[in-house]
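To start, the structure under review is shown below, and the notes come after it.
Scope of the values below: all heavy atoms of this structure, side chains included, with no hydrogens, waters or symmetry mates. In what follows, chains carry the letters A, B, and so on, assigned in the order in which the sequence lines appear, proteins first and then strands, with residues in each chain numbered from 1.
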Number of protein chains: 2
Amino acid sequence: MIDRDSEDRPALQRGAPGGGAVIELDVIDRQIVDELQRDGRMTNVELARRTGISAPPCLRRVRRLEEAGIIRGFHAEVDASLLGWSLMLFALIGLESQKGSVLEAFEAEVAEWPEVRECHMIRGGGDFLVRLVARDAAHQNLLTRRLTEVPHVVRVQTLQTIRTSLDRAGVPL
Amino acid sequence: MIDRDSEDRPALQRGAPGGGAVIELDVIDRQIVDELQRDGRMTNVELARRTGISAPPCLRRVRRLEEAGIIRGFHAEVDASLLGWSLMLFALIGLESQKGSVLEAFEAEVAEWPEVRECHMIRGGGDFLVRLVARDAAHQNLLTRRLTEVPHVVRVQTLQTIRTSLDRAGVPL
DNA sequence: TATGAAAGTCGCTAACC
DNA sequence: GGTTAGCGACTTTCATA
């Protein structure tokens with residue numbers, strides 16, 4: 001077996017990203033994920049130093065975590081207010097139907113709005129929780145009104161964020 | 001106007017991070033923030049190439065954006081399910097009082113829970129929206145019950161996420 | 001199937017224009 | 001904002017357990 005591309009990695013290869021299978025990671029893998037959740041720009045040598053291994057195997061582990069879909073990407077965290085988006089609101093949306101086509105049409109519609117940052121389907125049928133950002137109060141009112149005008153929307157409850165005391169990316173490790 | 005060094009950028013100097021003032025960024029700054037929101041591990045040379053400037057001024061801009069608090073940090077985005085956190089829920093919490101000490105005690109309490117990832121105070125007084133992750137249904141039930149037992153909590157409405165169709169970090173640019 | 005050492009390449013970043 | 005240049009990090013290759 002000379003072909004290096006055919007190496008198999010059973011635990012990490014299983015399932016497409018998002019498949020949902022729980023994958024066994026050793027303590028070093030977990031530490032790598034944890035460190036990169038906190039500081040995504042940490043250099044590989046620093047990451048290797050912290051995890052107690054040398055740089056090449058550390059880099060290989062990061063690559064594998066990316067290929068397995070466990071690490072999906074790296075993003076800069078920005079200050080929304082300083083960029084002109086001073087308001088954040090959540091909206092609880094009720095749809096008149098739980099037909100798949102109606103739900104998907106709603107998701108497709110709000111995905112087109114740049115102000116909509118998250119869209120979660122909520123248990124119980126026909127409900128969504130969406131997170132939006134707005135430039136000011138007028139903009140926020142406009143967005144709320146536009147939400148009520150999306151086809152099949154029968155209920156919009158806005159939850160305006162006054163203060164965010166906690167905003168942790170990622171998951172516990 | 002030939003002297004290219006005399007350009008002024010008063011906006012970036014104003015205010016401490018989090019101050020809330022809207023800051024004027026030129027088109028290159030915006031592009032830098034946008035690119036780093038999408039790919040926080042992009043090399044500085046690549047970032048410079050995309051923005052049409054050379055590497056050193058590009059790096060200086062990134063540093064300034066960090067110092068101004070516009071870029072707060074960099075984080076790996078992980079797949080919660082693949083790491084064993086297969087459930088996400090939001091909870092709308094009602095407190096019996098809007099006294100500052102009560103609100104802060106609640107925030108301090110949930111900040112101690114690793115499963116609580118976000119905590120937002122909602123307009124109207126005494127209400128919070130928190131986002132949690134859970135390992136399974138039993139864990140989720142436990143968390144919901146524990147939320148009702150936090151001092152001064154009088155109402156807990158759980159919104160269990162079935163599907164997340166959109167999850168965009170950052171803000172529109 | 002993993003790590004670790006060595007080396008070449010590339011990016012980062014200070015100093016200067 | 002650009003250019004140069006020195007330094008350090010990244011990443012491949014190969015030997016090893």
First of Arg41(B) and Ile28(B) reached from the 5' end of DNA chain D, by closest nucleotide: Ile28(B)
Check the distance between dA2(C)'s C1' and Leu25(A)'s CG and give it to me in whole angstrom. 16 Å
Take the protein atom CE of Met42(B) and the nucleotide atom P of dC10(C), then report the distance between them rounded to whole Å. 19 Å
Atom CZ of Arg49(A) and atom C1' of dG4(C): how far apart are they, to the nearest Å? 18 Å
Write down the atom of Leu87(A), the atom of Ala137(A), and the distance for their closest heavy-atom approach. CD1-N, 3.5 Å
OP1 or OP2 of dT3(C) less than 4.0 angstrom from a side-chain nitrogen or oxygen of Arg61(A), does that happen here? yes
Using whole Å, what does the distance between atom P of nucleotide dG8(D) and atom CG of Leu47(A) come to? 20 Å
Please classify the nucleic acid contact of Ser54(B) as base, sugar-phosphate, or nothing, using heavy-atom distances under 4.0 Å. base
For a quick test of reading the model, state the closest non-hydrogen atom pair linking Ala80(B) to Val171(A) and the distance between them. CB-CG1, 3.5 Å
Tell me whether the count of non-hydrogen atoms from other residues, nucleotides or ligands lying under 6.0 Å of CZ in Arg41(B) goes above 12. yes
Measure from CZ on Arg60(B) to P on dC12(C) and round the result to the nearest Å. 14 Å
Flag if over 12 foreign heavy atoms under 6.0 Å of CZ, Arg168(B): yes
Check this one for me: any side-chain N or O of Arg63(B) less than 4.0 Å away from OP1 or OP2 of dT13(C)? yes
How do Glu46(A) and Pro57(B) order along DNA chain D: which one's closest nucleotide is nearer the 5' end? Pro57(B)
Against the side chain of Asn44(B), the closest entry in dA5(C), dT3(C), dT13(C) is dT13(C)
Output the rounded distance in Å from CG (Leu59(A)) to C1' (dC10(C)). 14 Å
Between atom CZ in Arg64(B) and atom C1' in dG1(D), what is the gap in whole Å? 12 Å
CD1 of Ile32(B) versus C1' of dG1(D): gap in Å, rounded? 12 Å
Among dC10(D), dT4(D), dA6(C), which nucleotide has an atom closest to any side-chain atom of Pro56(B)? dT4(D)
CD1 of Ile71(A) to CG of Leu65(A), rounded to nearest 0.5 Å, is 4.5 Å
